[in-house]
Amino acid sequence: MDISVVIVGWNAKHYLELCLESLAEAPPRRTMEILVVDNASSDGSAEMIEGRFPYVRLIRSTENLGFSRGNNVGIRQCQGRYIALVNPDVIVRPGCLDALADFLDQNPKVGSVGPRVLNPDGTLQSSCRRFPTLWNNFCSATALASVFKGSRFFAGEHMLFFPHDRTQAVNVLVFCFAMMRREAFDAVGLLDDGLFMYGDDVDWCRRARNAGWEVVFFPGAQAVHDRGRTTAPYPVRFAVAQQRSVIHYWTKHHSLVGVLGIRGIMLFHHLLRYSFCAFSGLVHSQAGSKSEVGKRVSGACLRELLLGSGRTEA
């Protein structure tokens, strides 16, 4: 088997169907298998796959394993030389999988390669990151990265200064869509099960670089990512999950000083955001407004930082 496509889905039936359609309408010239790990969806995702895409290998989980554990289930059971991790809200454009596999064929030192990722309206979506530092996180938390979008110095982890117009070795590829060499997984290991969602790409790419593998952005392949659609109904849950992942990553890869530093930056960011949203809500008091959502998100993140893990609302 040349290519294994692994997709982890949780209550994303509509987007998952579009993703599988894109793979069916323009399959690669190479041999391919598709594995979908369904994280105990309640929206009929599994039944849709069985009815419309019987050739897809469906793996039903009895619980929501999260992104990392779900992908690891698929990776352990797939057989391809190259393994593409694809989010359910991605449309794979014709020729994309072949182009990525060709690139890996021609570059044996590359462990992971990612395509040019577009928004549904055709605009560029940043899919390359730098490894987290206290400085680039401070720039993001204080909006310096947004004010100085073209600046390398003030940029956050997002490489907004990079036009994504050329092949480039990068620190991190966003795992909405990335193709890995099986040998790289054998050497680096699977995704970190301790990361329920988010941060898995940063952690794996750091381990890959430490093991001597290159991580490369390749614009000769393209895909469309409808970012945030599947998580939008649960803003608080996923914001807290992301924060937990950041702390997990920093605890794993940095010193105690670094962990305290990143927690302090998060605390500052959410205090600032909560205050701004609360003030904005007083001026524009509408139920369900963006200010109210922002206040709930930052409030939950602050409680998590100050009081520790607990039950998280949607």
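Atom set for the values below is all heavy atoms of this structure, side chains included, hydrogens, waters and symmetry mates excluded.
Look at R29 and D2 and you find no salt bridge, because none of the NZ, NE, NH1 or NH2 atoms lies under 4.0 Å from a carboxylate O. With salt bridges taken as basic N to acidic carboxylate O contacts below 4.0 Å, one links K252 and D192. Contact check on E304 versus R244 returns a salt bridge, with a Lys/Arg side-chain nitrogen under 4.0 Å from an Asp/Glu carboxylate oxygen. Taking 4.0 Å as the cut-off between side-chain N and carboxylate O, D203 and R207 count as a salt-bridged pair.
Residues F217 and F162 place their aromatic rings such that the two centres sit under 6.0 Å apart. The six-membered or imidazole ring of W213 lies away from that of F185, with a centre-to-centre distance of 6.0 Å or more.
Enclosure of atom CZ in R152 is not indicated, since only 12 or fewer non-hydrogen atoms of other residues, nucleotides or ligands lie within 6.0 angstrom. Heavy atoms of other residues, nucleotides or ligands lying less than 6.0 angstrom from CZ of F218 number more than 12.
The backbone N or O of S127 lies less than 3.5 Å from a partner atom in the side chain of H164, making a donor-acceptor pair. Of the possible donor and acceptor atoms, one in the side chain of S151 sits under 3.5 Å from a partner among the backbone N and O of F153. T142 places a side-chain N or O within 3.5 Å of a backbone atom of F138 that can act as its donor or acceptor partner. With R209 contributing its side chain and N171 its backbone, the two residues share no donor-acceptor pair below 3.5 Å. N107 places no side-chain N or O within donor-acceptor distance of the main-chain N or O of K109, the cut-off being under 3.5 Å. Counting only distance, with no hydrogens or angles, the side chain of N39 and the backbone of S61 share no donor-acceptor pair below 3.5 Å.
Note that CZ of R303 and OG of S298 are 10.5 Å apart. Values are rounded to the nearest 0.5 Å. The structure places CG of D186 at 11.5 Å from CZ of R181, a figure rounded to the nearest 0.5 Å. Here the straight-line distance linking atom CZ of R60 with atom CD of E50 works out to 4.5 Å at 0.5 Å rounding.
For the pair P115 and A221, the tightest heavy-atom approach, listed with the atom from each and the gap, is CB-O, 3.3 Å. Between R263 and I247, the shortest heavy-atom contact is NH1-CD1, 3.5 Å. The two residues L35 and G74 come nearest to each other via the heavy atoms CD2-O, 3.8 Å.
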Exercise for review: Begin with the C-alpha distance, continue with both residues' side-chain angles, and end with the deciding distance and a verdict on side-chain contact (heavy atoms from CB on, under 4.5 Å) for V8 and V73.
Suggested key: CA-CA 9 Å; V8 175; V73 168; over 6 Å; no

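A donor-acceptor pair shorter than 3.5 Å cannot be found between the side chains of R30 and Y82.
Ring pair F154/W135 is tilted by interplanar angle, where 30° to 60° counts as tilted. Between H253 and Y249, the angle of the ring planes lies from 30° to 60°, which puts this pair in the tilted group.
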